[in-house]
Each structure stands twice: as C-alpha cells, then as structure tokens.
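Just so it is clear: chains get the letters A, B, ... in the order the sequence lines come, proteins before strands, and each one is counted from 1.
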Protein chains: 2
Amino acid sequence: MPDHEGESGLTRGELARETGCNIETIRYYEKIGLLPDPPRTAAGYRIYSASHLGRLRFILRARELGFPMEDIRGLLGLDDGAAPNCAEVKARTERHLADVRAKIADLRRVETVLAETAAKCSGHHVPDCPILDALGPKDG
Amino acid sequence: MPDHEGESGLTRGELARETGCNIETIRYYEKIGLLPDPPRTAAGYRIYSASHLGRLRFILRARELGFPMEDIRGLLGLDDGAAPNCAEVKARTERHLADVRAKIADLRRVETVLAETAAKCSGHHVPDCPILDALGPKDG
DNA sequence: CCTTGTGCCTGTAGTTGCTACAGACCCTAC
DNA sequence: GTAGGGTCTGTAGCAACTACAGGCACAAGG
C-alpha cells in the first residue's frame, strides 16, 4: 500500500469498500467528470480525501433516488460551474419527483394488466392460454 | 417497391409503420432470433406475412408490459424449442408481476423521500439547502 | 535479497437493447 | 434515363457501467 503520510487518505479500493461502490465505477466517475481528479502518490496511486468520500456518497445517494446522471451533474454544480442555487435544486427535484410518479402510474397499469391476466389462467390447460391470448396471437 | 405478387406481404418499412416499431429494431429482432428470418424477393427484400406481423405485435406488447427479453423469448417458446406450456407462462407472468410490484414499492419509497425533501425547501435561500443536505455533504 | 501476494495502474472490450449511419443496390415514376 | 425513394449490408454509437489483460508498486516472509 502507498504511504499514508500519517494522515488519512483513502486508496481507490478503500473508497470503494467504504461506499459500497464498485471500484471501477469510481474511475468511471472520474473520467466523466463527476469526481475530481484526486492527487496521486509518487507512484501514481490515487489518494482520496474526506471530500471525495462525501462527494461520492452524494452521487450514490442521488443515484439510489433515481436521479438521472444529468441531474446529478446539476446538483453538483457541474453544469454551469457555479454552485447550484436552491431554486434550481428544488426545480430539479420536483421534475424528478413528477417522473417518478409517472413511472409509478405506468407500473400500476402494468400491474393491473398482469394481475388480471394471471388470474384468468388456471395453469392447467395447454392450448388457448389466456395469458398468451391477452398478448395477442403469436402467429397467423 | 418489390413485387407484391398480388398477395399481401409487407416490406420492412410497412411492417414498421404497421406496428409503430422502429425499422431497425425489426432487423435487430431478426438478428437475435425473436423474429424468424422472412422469405426474400429475388432482389433480397424481406417479405413479411401476417404471421410475422402478429409475432412482432406480441413482442411489442410484452415489451410494453415490461417483460424482460429473456421472458419474451420464453413466452415465444424459444427457450426449449417446444411451445410454452401454460404453467410455465403463468409462472413467468407471476414472477414478473412480483418484480413489478417490488419496483413500485421502491419507487414509492423514493417518492416519499423526494416529496418530503422538496417540501422542506422554500426555494429561496442559497446556502444550507435542505435538499442538498438530505443527500449529504458534497465536500469536506 | 528474493519471492509471493496483494493492490493499484492503464487502456480497452464487453454488456443490453436498441438506434443510426455509410455506401451500395433496387424499383418506380416522370 | 435519371431522380427519388426504399431497402440491403455491415458497422459504430448510446448509457452507465463492468470486466478484463498486462504491467508496476509495495509490504511481509524466508
């Protein structure tokens, strides 16, 4: 392991373990500019500070909440360079919330169709399966 | 246009228009084996029959319902070669239904968090945005 | 000092489900 | 005969990762 210089400072592997993030994903986020390039040891090993840790956690939490990458960028203030202002953050959150609600509504419709269809099927008879019928004729 | 031989028979473009499916997607489905290779005219143009039309519609409908590709394959009887039996179809549908319900539950949790967070934010003050706070410190 | 075993470095290729070209034919219509 | 569509092929691109391969770096054991 690279020299820790007596101070804290995480290697990529440690950061990955700490956050539960895949180790390669960290490099990927660096490449696409979500994470700033960390300083390196003489040998070229990345050294992450608490600030990187916080930022990565932020990204992962936003991801868990389903924010699209573009929004995460915006929330981090990477769109315009300036720190994101509150109104912008709120707007983004509400747009995303609307998307989530739309997705829920979609899935509920799907749920209904699937449940109804599955209920019609006894699971016994082979031909004329009501599920397949509901989906439409496969042939002819 | 290729000769229609007096009979019905769709070109790829016609099939695309008929189903609303992207024209390239049709070729893709053929490539991955979801659609059987259609016969061709002397010049090599694909000619689709009503059977292809039905099958593509089936695929698209299953896709709309969010069935994973693997399931669609199964529903078409492409896994084992045999026509899918009813019990199998039902099992697949119910597994998928469970997935959909899990996804809905996930999204509902997300919805709650987003709604609560957005509600806390007035949209006015710039520092200490409660949305960003909820996501965690970006730095330091 | 040397070896062994990690861990990290780089670049690149693979994944899924499409979508979008480029360049070449074909076919119809004027 | 030529302009305009449509179609053919193979290949490259997308998001958002994930997974190598081949090569250093580093700590510990003998």
Q) Which residue, A:N22 or B:R40, contacts DNA chain D at a nucleotide closer to its 5' end, judged by nearest heavy atom? A) B:R40

Q. To the nearest angstrom, how far is A:D71 atom CG from D:dA16 atom C1'?
A. 15 Å

Q | Terminal helix-axis angle for the helix from C:dC1-D:dG30 to C:dC30-D:dG1, with five pairs defining each axis and rounding to 10 degrees | A | 30°

Q.
Any side-chain N or O of B:T25 below 4.0 angstrom from OP1/OP2 of C:dT19?
A. yes

Q.
Do B:Y28 and B:I23 have side chains that approach each other closer than 4.5 Å (heavy atoms only, starting at C-beta)?
A. no

Q.
In whole Å, I'd like the distance from the CD atom of B:E14 to the P atom of D:dG5.
A. 17 Å

Q. Is there a donor-acceptor pair under 3.5 Å between the side chain of B:H96 and the backbone N or O of B:L65?
A. yes

**Q.** Heavy-atom side-chain contact between A:L53 and A:R57 under 4.5 Å
**A.** yes

Q | Heavy-atom check, side chain of A:V89 versus side chain of A:T93, under 4.5 Å | A | yes

Q | A:G13 vs B:A43, nearer the 5' end of DNA chain C by closest nucleotide | A | A:G13

Q: Tell me whether the OP1 or OP2 atom of C:dC8 has a side-chain N or O from A:T11 closer than 4.0 Å.
A: yes

Q: Kindly write out the residues that satisfy side chain to side chain donor-acceptor pair (under 3.5 Å) with A:E111, not counting sequence neighbours, or none if the list is empty.
A: B:R101

Q: Go through the steps to decide whether A:E24 and A:R27 satisfy the test salt bridge (charged side-chain N to carboxylate O under 4.0 Å, His left out), and finish with yes or no.
A: CA-CA 5 Å; A:E24 294 296 310; A:R27 196 158 58 107; 3.0 Å; yes

Q) Roughly, in whole Å, what's the span from CD in B:E64 to P in C:dC18? A) 12 Å

Q | Protein-nucleotide distance (A:Y45, atom OH; C:dT6, atom P), rounded to Å | A | 14 Å

(Q) Would you say that A:T11 contacts A:R46 through its side chain, given a criterion of any heavy-atom pair below 4.5 Å between the two side chains? (A) no

(Q) Any heavy-atom pair between the side chains of B:R12 and B:Y48 that's under 4.5 Å? (A) yes

(Q) Side-chain N or O of A:R12 versus OP1/OP2 of C:dC9: is the shortest distance under 4.0 Å? (A) yes

Is there any protein nitrogen or oxygen under 3.5 Å from a nitrogen or oxygen in nucleotides 14-17 of chain C, and what are the pairs?
none

**Q.** Residue pairs, two or more places apart or on separate chains, that pass side-chain hydrogen bond (donor to acceptor under 3.5 Å, both in side chains) and touch residues 63-77 of chain A
**A.** A:Y29-A:R63, A:D71-A:R92

**Q.** Between P of D:dT18 and CD1 of A:I32, the distance in whole Å
**A.** 12 Å

Q.
If I take atom CD in residue A:E30 and atom P in nucleotide D:dC17, what distance separates them, rounded to the nearest angstrom?
A. 15 Å

**Q.** Nearest-angstrom distance from the residue atom CG of B:L35 to P of C:dC18
**A.** 12 Å

(Q) Which residues pass the side chain to side chain contact (heavy atoms under 4.5 Å, CB included) test with A:S49, not counting sequence neighbours? (A) A:S51, A:H52

(Q) Side-chain N or O of B:R46 versus OP1/OP2 of D:dT7: is the shortest distance under 4.0 Å? (A) no

Q: Could you tell me whether A:D106 and A:K103 have a side-chain N and a carboxylate O separated by less than 4.0 Å?
A: no

Q: For side-chain contact (heavy atoms from CB on, under 4.5 Å), just list the numbers for B:E94 and A:L114, CA-CA rounded to whole Å, side-chain angles, deciding distance to a tenth of an Å, and then say yes or no.
A: CA-CA 8 Å; B:E94 281 174 347; A:L114 287 176; over 6 Å; no

Any N/O pairs under 3.5 Å between the protein and nucleotides 11-14 of chain D? List them or say none.
none

